[in-house]
Chemist: 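Submitted below is the structure of interest, expressed as structure tokens.
Count residues from 1 along the sequence.
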Amino acid sequence: MRKIVIALSVLMALTSCVSKKQYAALEAKQKETQDLLNSCTVKLNSCLEEKAGLAATAESYKQHNQDLINSSKDLTVLTTKGAENLEKSLESLKEKDLKISRLQDALTKKDSVTLALVTSLKGAVGINDPDIEINVEKGVVFISIADKLLFKSGSYEVSDKAKSVLAKVAKVVNDKPDFECMVEGHTDDVPYKSNGVLLDNWDLSVKRSTSIVRVLTNDLNVNPAKLIAAGRSSYVPLVANDSPENKARNRRTRIVVMPKIDQFYDMIEKEMKKQAK
């Protein structure tokens with residue numbers, strides 16, 4: 001019995017010794033495995049975080065790409081509209097340039113006609129007579145004739161000498177069917193003494209104008225539709241009425257030769273329509 005007990009004690013001792021070694025080995029293995037697991041866990045978490053970041057970046061790029069696509073569509077629309085607006089603007093500019101060009105051509109043509117008219121008048125009337133002045137202002141021809149060539153002092157009856165001068169003017173005017181004439185009577189500032197028919201300088205200036213118009217129409221065959229009679233009294237003097245010489249300068253009849261405004265603009269409009277076709 002004692003031998004059995006001793007044998008069992010030795011067997012238990014041997015068994016206990018083997019289990020500790022195995023345990024230590026298993027414990028070491030478990031620690032190694034745990035360390036490896038911890039390392040893998042850290043790497044896994046890092047990968048998960050990196051994946052989440054990449055996913056967020058990918059979503060951001062996706063949204064940005066969609067925004068670019070939308071912007072591209074909007075830009076295409078804007079570009080198309082911009083091109084249409086630019087084309088319309090260019091057409092508008094082209095049309096305006098055309099109108100300006102045609103207007104300049106018409107003005108040049110009018111200026112050429114006016115220059116030819118002045119040359120004709122100066123050649124017919126004579127430019128060396130100090131009592132007859134011919135000049136151009138803004139495309140309009142002005143013929144100023146001193147009253148001493150036309151009327152006696154205080155009278156509105158046209159003198160025979162005046163008719164010879166007016167005949168030269170009438171010839172040039174009749175050669176220009178697209179022009180009309182306004183005859184302006186002017187006086188100095190000396191008050192006109194009423195004779196019961198004429199009341200003042202207004203009446204005198206107008207009566208002198210109508211007297212010349214009658215000579216031009218009745219004696220010189222100027223078309224009455226081309227003539228305008230007007231009186232300016234003493235209110236548009238050439239110089240101050242402060243001397244006999246200046247008063248004599250202000251007593252005058254001015255014949256304004258000008259293109260018919262309606263025909264002039266009709267000419268411009270027709271030219272523009274031709275060019276637009």
Chemist: Count I, L, V, M, F, W, Y as connected when their side-chain heavy atoms are under 4.5 Å apart, and connections chain through other members. Are I212 and V257 then in the same cluster?
Modeler: yes
Chemist: Hey, does the side chain of N174 reach the backbone of A170 with a donor-acceptor pair shorter than 3.5 angstrom?
Modeler: yes
Chemist: Considering non-hydrogen atoms only, spot the tightest contact between V158 and A162 and give its length.
Modeler: CG1-CB, 3.5 Å
Chemist: Search all heavy atoms of G231 against all heavy atoms of S205 and return the closest pair with its distance.
Modeler: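 Heavy atoms only, the tightest pair is CA-OG, 3.4 Å.
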Chemist: Report the distance from atom CG of L227 to atom SG of C181, rounding to the nearest 0.5 Å.
Modeler: 6.0 Å
Chemist: Would you compute the distance between atom OH of Y192 and atom CG of D203 and round it to the nearest 0.5 angstrom?
Modeler: 8.5 Å
Chemist: For a side-chain contact (heavy atoms from CB on, under 4.5 Å) with N241, tell me which candidate from D189, V190, T187 qualifies.
Modeler: D189
Chemist: Are V183 and V206 connected in a single hydrophobic cluster, I mean Ile/Leu/Val/Met/Phe/Trp/Tyr linked by side-chain heavy atoms less than 4.5 Å apart?
Modeler: no
Chemist: Closer than 3.5 angstrom, by distance alone: can the side chain of D219 be matched with the main-chain N or O of R214 as a donor-acceptor pair?
Modeler: no
Chemist: Would you say I228 and F142 are hydrophobically clustered, going by side-chain heavy atoms of ILVMFWY under 4.5 Å?
Modeler: yes
Chemist: At what distance, to the nearest 0.5 angstrom, does OG of S159 lie from NZ of K152?
Modeler: 8.5 Å
Chemist: Just distance, no hydrogens or angles: give the donor-acceptor pairs under 3.5 Å from side chains in residues 143-150, sequence neighbours left out.
Modeler:
residue, atom, partner, partner atom, Å
D147, OD1, R252, N, 3.4
D147, OD2, R208, NH1, 2.2

Chemist: Spell out, yes or no, whether I132 and I255 are grouped together once hydrophobic residues are joined by side-chain heavy atoms under 4.5 Å, including indirect joins.
Modeler: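 Yes; I255 is reachable from I132 via cluster members.
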Chemist: For A230, does its backbone N or O pair with a side-chain atom of S209 as donor and acceptor, under 3.5 Å?
Modeler: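 Yes.
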Chemist: Just by distance, do the side chain of S155 and the backbone of F151 share a donor-acceptor pair under 3.5 Å?
Modeler: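 No; zero donor-acceptor contacts below 3.5 Å.
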Chemist: Output the distance between atom CZ (R249) and atom NE2 (H186), rounded to the nearest 0.5 Å.
Modeler: 13.0 Å
Chemist: State whether the side chain of S233 and the backbone N or O of Y235 hold a donor-acceptor pair below 3.5 Å, judged by distance alone.
Modeler: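 Not a single qualifying donor-acceptor pair exists.
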Chemist: Would you find a donor on one side and an acceptor on the other, under 3.5 Å apart, between the side chain of N201 and the backbone of L204?
Modeler: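 Checked: no pair found.
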Chemist: Taking N250 for the side chain and L238 for the main chain, is one N or O donor matched with an acceptor at less than 3.5 Å?
Modeler: yes
Chemist: In the single-linkage hydrophobic clustering (I, L, V, M, F, W, Y; side-chain heavy atoms under 4.5 Å), do V169 and L220 co-cluster?
Modeler: yes
